[in-house]
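Quantities reported herein were computed from a predicted structural model and do not represent experimental measurements. We name chains A, B, ... by the order of the sequence lines, and we start the count at 1 in each one. The basis for the numbers below is simple: all heavy atoms, side chains too, and nothing from hydrogens, waters or symmetry mates.
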Amino acid sequence: MSFLSLENVTHHYFTKKNVTRALDDISFSLDEGEFVSLVGPSGCGKSTILSIVSGIMQQTKGKVLLDNHPVREFPGAIGYMLQQDYLFPWKTIIDNVLLGPKIQQKTSADIRKKALELLSEVGLKNVEDDYPDSLSGGMRQRVALVRTLVTDPKVLLLDEPFSALDYQTKLNLEDLVHKLLRQYHKTAILVTHDIGEAISMTDRIFVMEANPGRIAKTFEVPIELRDEIPFLVRRHSKYQPLFDKVWAALNGEEIQKNTG
Amino acid sequence: MAKKYKKTRDESHISAARHRNEKGLKDMKTTKEDQHLYNQYIHDINQERKIVLFWQCIIIIGFIGLWELASRMAWIDPLLFSSPSHIVALLVEKFSDGSIVRHIGVTVMETVLGFIIGTLLGVLLASSLWTSKRYANVMDPYLVVLNAMPKVALGPIIIVAMGPGYGAIIAMGAIISVIITTIVIFSGFREVDPNYEKVLKSFGATKWQCFKEAIFPATLPVMISTLKVNVGLSWVGVIVGEFLVSKEGLGYLIVYGFQVFDFTLVMASLVVIAVFAALMYKIVEKIESWLIKKAT
Ligand SMILES: Nc1ncnc2c1ncn2[C@@H]1O[C@H](COP(=O)(O)OP(=O)(O)OP(=O)(O)O)[C@@H](O)[C@H]1O
Ligand SMILES: [Mg+2]
């Protein structure tokens with residue numbers, strides 16, 4: 001029995017002029033503690049999937065179940081880091097990070113301490129009293145990550161969480177997030193454009209195609225790579241072959257689109 | 001760090017700019033030439049300010065002088081247009097016997113209350129519209145009509161309904177700003193980026209929590225900017241109210257002066273209104289910049 005499952009999820013966006021089928025019959029399921037990634041061209045519906053799984057948006061067809069109940073029955077159980085950071089400009093960094101606990105009425109000295117620890121783990125020390133305006137894009141993204149992690153959700157949805165970071169910081173954070181998720185046995189979905197990131201961090205990779213958004217191919221990451229630190233995965237002998245396969249799947253789809 | 005950043009934002013203030021630059025100059029190891037150019041820059045700013053102030057004085061002195069002269073030489077009818085010296089004499093008399101103080105007090109009190117009630121009511125109405133999309137859509141045409149309507153035309157009805165007293169006048173000061181405040185703030189609510197609500201909802205926030213944490217604070221700058229508009233509107237409502245009720249206040253003095261053909265009194269009341277309206281505007285402006293500093 002799976003922990004999180006999508007059953008034939010279809011989603012339409014309506015405007016007054018037209019309707020877009022953003023997702024077409026998406027089905028997959030995750031066991032507890034499993035970490036999967038979504039890769040695919042821009043506009044294929046990755047963010048749409050996350051919004052639906054988070055329960056913020058209602059799919060037009062199909063079911064999203066967490067522990068066999070609709071996700072909407074668990075407000076706050078699913079942590080969602082949006083594609084842009086959306087830090088509240090009128091709140092200090094620490095108040096931004098403690099927004100989740102505040103909403104869930106769980107603020108305490110302990111959680112504050114945890115927030116400060118997480119901030120320093122992602123390389124942000126002594127910024128807690130600053131305002132988001134005075135931080136760089138990469139720093140803001142890390143604050144948003146901490147804001148999502150601090151509430152300790154059952155499921156984590158990360159929409160391109162490292163896209164604004166320099167390469168070095170990105171590799172370090174991949175290691176950190178990978179460690180945290182494994183340590184606490186979290187279930188998570190990662191959206192990324194970086195194939196290397198998908199291979200090194202997650203257990204399974206869904207390659208998507210656009211118009212309408214579908215899952216084109218699924219890749220299992222070899223068992224040897226799964227528990228390895230992401231940084232070392234990139235040097236593993238099994239890394240490159242998988243990278244090439246995912247790359248081909250992504251490109252094959254584009255060729256199809258051009259000819260179609 | 002953020003605090004420093006905020007202080008240096010106030011660039012129009014020359015002393016702040018100078019203060020900052022002195023610090024900057026020390027940090028940068030500037031040459032003599034830099035220092036000289038900087039002095040020149042500050043000098044130019046001060047010079048410009050003096051010139052502007054000079055012309056402002058010329059205009060007011062010229063206007064008053066010309067008015068006085070025209071009145072004495074009977075180029076204009078002194079009975080209708082009075083003269084600065086008569087107005088000053090009347091004001092001195094009215095202030096020394098204290099009779100005008102009560103009128104000023106009444107008008108200022110009515111305006112301040114009208115302003116506060118109108119603004120608060122506008123914020124409340126806008127908030128209630130935000131709670132339900134359908135309710136907002138239903139109310140939309142009524143708001144448009146009410147907004148287009150010249151509110152002072154409601155004066156007689158308000159006075160009949162509330163009785164000719166402070167209540168009716170304060171209501172006029174409030175009603176004139178409440179609809180436009182509602183519309184401006186409600187459209188501010190709607191322009192807040194929906195993704196802030198998404199973030200909150202992902203934490204399981206209720207509608208009220210979304211309002212409190214995102215919608216309301218994000219719209220604070222809009223609310224603050226309505227204050228300055230509303231204070232001017234409230235003066236209009238209150239003066240017209242006093243015209244109609246004709247009991248007390250600066251509006252009453254104008255109407256009374258008009259009826260007994262004492263145009264010196266009319267003009268003197270106008271001068272007092274101008275001074276107090278400008279004063280109130282400045283105070284609201286101060287409150288506004290203080291609020292903006294606090295809110296951001
Ligand atoms: N609010 C909306 N209204 C209408 N159409 C939308 C809306 N949001 C997304 N879409 C459409 O749905 C499709 C999927 O969008 P989505 O944001 O999920 O893509 P994505 O895979 O996350 O892309 P990216 O990699 O660029 O972030 C796109 O074609 C987009 O135009
Ligand atoms: Mg996206």
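With a threshold of 4.5 angstrom between heavy atoms, Ser51(A) approaches chain B through side-chain atoms but not through N, CA, C or O. Only the side chain of Gln105(A) comes within contact range of chain B, with at least one heavy atom under 4.5 Å from a heavy atom of that chain. No part of Ser54(A) comes within reach of chain B, as not one of its non-hydrogen atoms sits under 4.5 angstrom from that chain. When heavy atoms are compared at a cutoff of 4.5 Å, Ile78(A) approaches chain B solely by way of its backbone atoms N, CA, C and O. If you measure heavy-atom distances from Leu87(A) to chain B, the contacts under 4.5 Å come from the backbone alone. At a 4.5 Å heavy-atom cutoff, the contact between Glu213(B) and chain A is made by backbone and side-chain atoms alike.
The distance from the CZ atom of Arg142(A) to the CG atom of Leu149(A) is 13.5 Å, given to the nearest 0.5 Å.
Between Phe14(A) and His12(A), the angle of the ring planes stays under 30°, which puts this pair in the parallel group of the 30/60° scheme. Using cut-offs of 30° and 60° on the angle between ring planes, the pair Phe189(B) and Trp130(B) is perpendicular.
If you tally non-hydrogen atom pairs under 4.5 Å between each of Gln84(A), Met57(A), Met81(A), Lys102(A) and chain B, the highest count goes to Lys102(A). Ranking Pro75(A), Gly76(A), Gly79(A) against chain B, the residue ahead of the rest is Gly76(A), based on heavy-atom pairs under 4.5 Å.
Looking at Lys198(B) and Asp193(B), no side-chain N of the basic residue comes within less than 4.0 Å of a carboxylate O on the acidic one, giving no salt bridge. Comment: Lys282(B) engages Glu285(B) in a salt bridge, judged by a side-chain N to carboxylate O separation of less than 4.0 angstrom.
For the residue pair Gln35(B)/Asn39(B), the side-chain donor-acceptor check at 3.5 Å is satisfied.
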